[in-house]
Amino acid sequence: MTTLHTISKGPSSKLLESCLSIARENDALLFIEDGVYYSSELASESSIPKHQLLFTLEEDIIARGLQHSILNKFETINYRKFVELCTFHEKVINWF
Amino acid sequence: MTTLHTISKGPSSKLLESCLSIARENDALLFIEDGVYYSSELASESSIPKHQLLFTLEEDIIARGLQHSILNKFETINYRKFVELCTFHEKVINWF
Amino acid sequence: MTKPKKMFTFISRQAPYGKDRARLCLDAALAATVFEQKVNYVFSDDGVYQLLKQQNGGSIGSKTLGSALEALDLYGIEDVFVNEASLRQRNLNSEHLLIKTIPVTNIQLANLILKSDYVINL
Amino acid sequence: MTKPKKMFTFISRQAPYGKDRARLCLDAALAATVFEQKVNYVFSDDGVYQLLKQQNGGSIGSKTLGSALEALDLYGIEDVFVNEASLRQRNLNSEHLLIKTIPVTNIQLANLILKSDYVINL
Amino acid sequence: MIFSIVIYSAPYTTQSASTALHFSKTLIGEGHKIYRLFFYSDGVHNASSLTIAPQDEKSLQAEWDTLIKVNKLDSVVCVSSALKRGVLSNEEAQRQGLTGHSLRDSSEISGLGQFIDAYIHSDRVISFG
Amino acid sequence: MIFSIVIYSAPYTTQSASTALHFSKTLIGEGHKIYRLFFYSDGVHNASSLTIAPQDEKSLQAEWDTLIKVNKLDSVVCVSSALKRGVLSNEEAQRQGLTGHSLRDSSEISGLGQFIDAYIHSDRVISFG
């Protein structure tokens with residue numbers, strides 16, 4: 001029983017901190033919209049989660065010019081995989 | 001020549017930090033809307049500015065039930081004083 | 001025989017008045033009670049500011065959210081929780097709070113979410 | 001004799017695409033050039049992300065803001081500044097940037113604001 | 001699988017409505033079902049019929065409209081959100097003596113019961129805000 | 001003193017439009033002049049004529065309308081913001097063959113030049129977002 005969390009604001013919000021305070025170790029995190037800055041080495045003050053699986057949305061990365069700065073811990077996925085993640089995890093919690 | 005800065009989001013934004021990075025020592029800061037949480041002892045992680053004159057808007061404080069928790073460094077003002085501050089300072093910069 | 005109840009958990013994370021999110025969350029939870037489902041309500045992060053006593057939205061031409069929260073009890077939502085870490089970070093304790101809430105840790109919240117069928121996070 | 005020019009300073013603090021604020025700030029600055037005023041443009045905080053190379057808004061059905069920034073030069077806005085502390089916090093340097101900008105310290109920014117007649121802060 | 005989508009934000013001002021549209025199209029492309037689109041708060045502006053997109057930009061409202069009609073989706077705008085934001089059905093506009101309606105005929109106005117009902121009848125509800 | 005007010009946000013969704021209204025009323029009460037109200041981005045919804053306030057809440061749009069008319073204020077909504085958000089003048093709605101107009105007659109549609117012009121002709125411009 002795992003949850004997919006989507007995070008759609010960047011590091012200048014406190015969204016990731018809120019999410020991590022109640023996410024479980026085997027949950028997955030998907031960063032979308034301005035959330036993709038979290039997945040870039042060009043992000044300020046972002047503390048990368050230790051345990052969870054980390055995904056980041058390709059379309060949002062390309063829009064923002066982040067394609068060459070994505071951190072290794074993140075898997076870059078497209079919308080089809082976004083949909084698949086929603087079906088794979090029993091629950092989806094959206095953080096916005 | 002002094003500037004009035006208005007801050008209208010709470011400590012979970014990074015608005016005050018942004019403002020302080022370019023505000024001058026003799027500027028004045030006015031906290032409105034959710035910004036009034038900065039002026040309360042019930043605010044998380046807020047670092048109170050050292051130098052600037054600090055004002056906080058009474059109507060927003062009363063709405064939120066903060067009237068008994070305002071920190072000493074802040075002067076509580078009403079809309080008439082808000083207008084007066086805008087005329088007193090040569091420049092007004094709104095942070096939102 | 002009736003269908004088994006599903007469990008809804010509403011997490012209200014925003015301060016009142018500055019945005020409409022706190023109100024949206026409350027209205028949705030009240031709507032859920034009509035369906036005779038199990039409803040949990042959680043105040044977390046800046047959402048704990050909604051619980052402060054002596055709010056008076058009238059001073060800014062708004063309805064008072066604190067008063068509206070009393071509807072949770074009227075509508076039969078008994079499991080109202082508050083994130084104790086969020087309270088502590090804001091120097092708040094139960095004496096500051098307008099309605100009766102059950103303090104929970106982050107781990108208890110994670111477990112509540114695990115048990116829930118639906119989580120509305122606003 | 002013409003009226004003395006006034007100095008406008010636009011501070012663009014938001015990342016592109018997630019919100020419309022970056023675009024609003026640019027459009028307003030371009031409008032100011034028509035009035036033949038002195039116009040400064042400053043990228044600060046998350047606004048420095050607007051300057052990244054290889055943006056392609058098309059992938060999310062949006063116009064590419066990075067390309068639109070080239071209008072600053074076309075419209076004769078020469079004094080384009082970037083907050084060097086904001087760059088540093090994001091591990092960015094001038095090689096990452098799409099258009100030519102003048103790095104400034106917070107103190108220089110404070111002085112620029114002091115000299116300005118009007119400050120638009122978005 | 002059966003999905004419902006909840007949209008809390010207006011087009012243009014933030015990216016969320018655009019993301020929701022892209023996600024919904026992908027869902028359908030992948031063979032999933034959409035039980036309901038529910039537009040809440042500023043999301044109701046996605047169903048406005050009066051908008052005019054700039055010439056070089058897409059109309060998000062027109063794209064929602066097409067998606068809903070082609071796939072015969074159930075699309076609901078929250079009544080309390082819609083009325084105070086000026087998104088009105090023909091009936092409501094006439095009842096109030098106003099100058100015109102502003103809700104596309106691909107969506108209908110209803111209450112928050114439809115929001116809860118969407119959760120109960122879907123395998124997953126994905127929210128965009 | 002001469003003020004102008006810029007409003008970036010819609011009523012209800014955030015508090016800012018309400019703060020701007022309260023501030024503008026106080027300005028006038030204190031004897032100051034308002035050169036212009038300028039509604040930008042989601043702020044254009046403040047000038048919508050189609051909104052129906054809940055019975056127990058004030059209509060912010062109606063209050064702006066009254067303030068503008070009583071004090072004969074110049075009130076401008078940004079044209080590019082307004083068209084894509086469905087806030088249309090009578091002429092624009094007719095030109096597009098749409099079902100009705102949605103802009104109150106107390107405001108007029110114009111370009112960003114009016115935004116810059118407001119700065120040049122005011123002692124202070126206060127923004128609410």
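Naming: A, B, ... by sequence-line order, numbering from 1 per chain. The basis for the numbers below is simple: all heavy atoms, side chains too, and nothing from hydrogens, waters or symmetry mates.
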How about C:F35: does its CZ atom have over 12 heavy atoms from other parts shown lying under 6.0 Å from it?
yes
Parallel, tilted or perpendicular: which fits the ring planes of C:F10 and C:Y41, with parallel below 30° and perpendicular above 60°?
parallel
Between C:I120 and chain A, which part of the residue has a heavy atom less than 4.5 Å away: side chain, backbone, both or neither?
neither
Within 6.0 angstrom of A:E90 CD, more than 12 heavy atoms from elsewhere:
yes
Heavy-atom pairs under 4.5 Å with chain A, option from C:L112, C:N83, C:I113, C:L109 with the top count
C:I113
Can you say whether C:D45 sits under 4.5 Å from chain A via the side chain, the backbone, both, or neither, judging by heavy atoms?
side chain
By a 4.5 Å heavy-atom criterion (distance strictly below it), what part of C:L114 contacts chain A: side chain, backbone, both, or neither?
both
Please determine whether the number of non-hydrogen atoms from other residues, nucleotides or ligands lying under 6.0 Å from atom CD1 of C:I102 exceeds 12.
yes
When the 4.5 angstrom heavy-atom criterion is applied to A:L20 and chain C, the contacting part is neither
Do C:Q37 and C:K6 get their side chains close enough for a donor-acceptor pair, meaning under 3.5 Å?
no
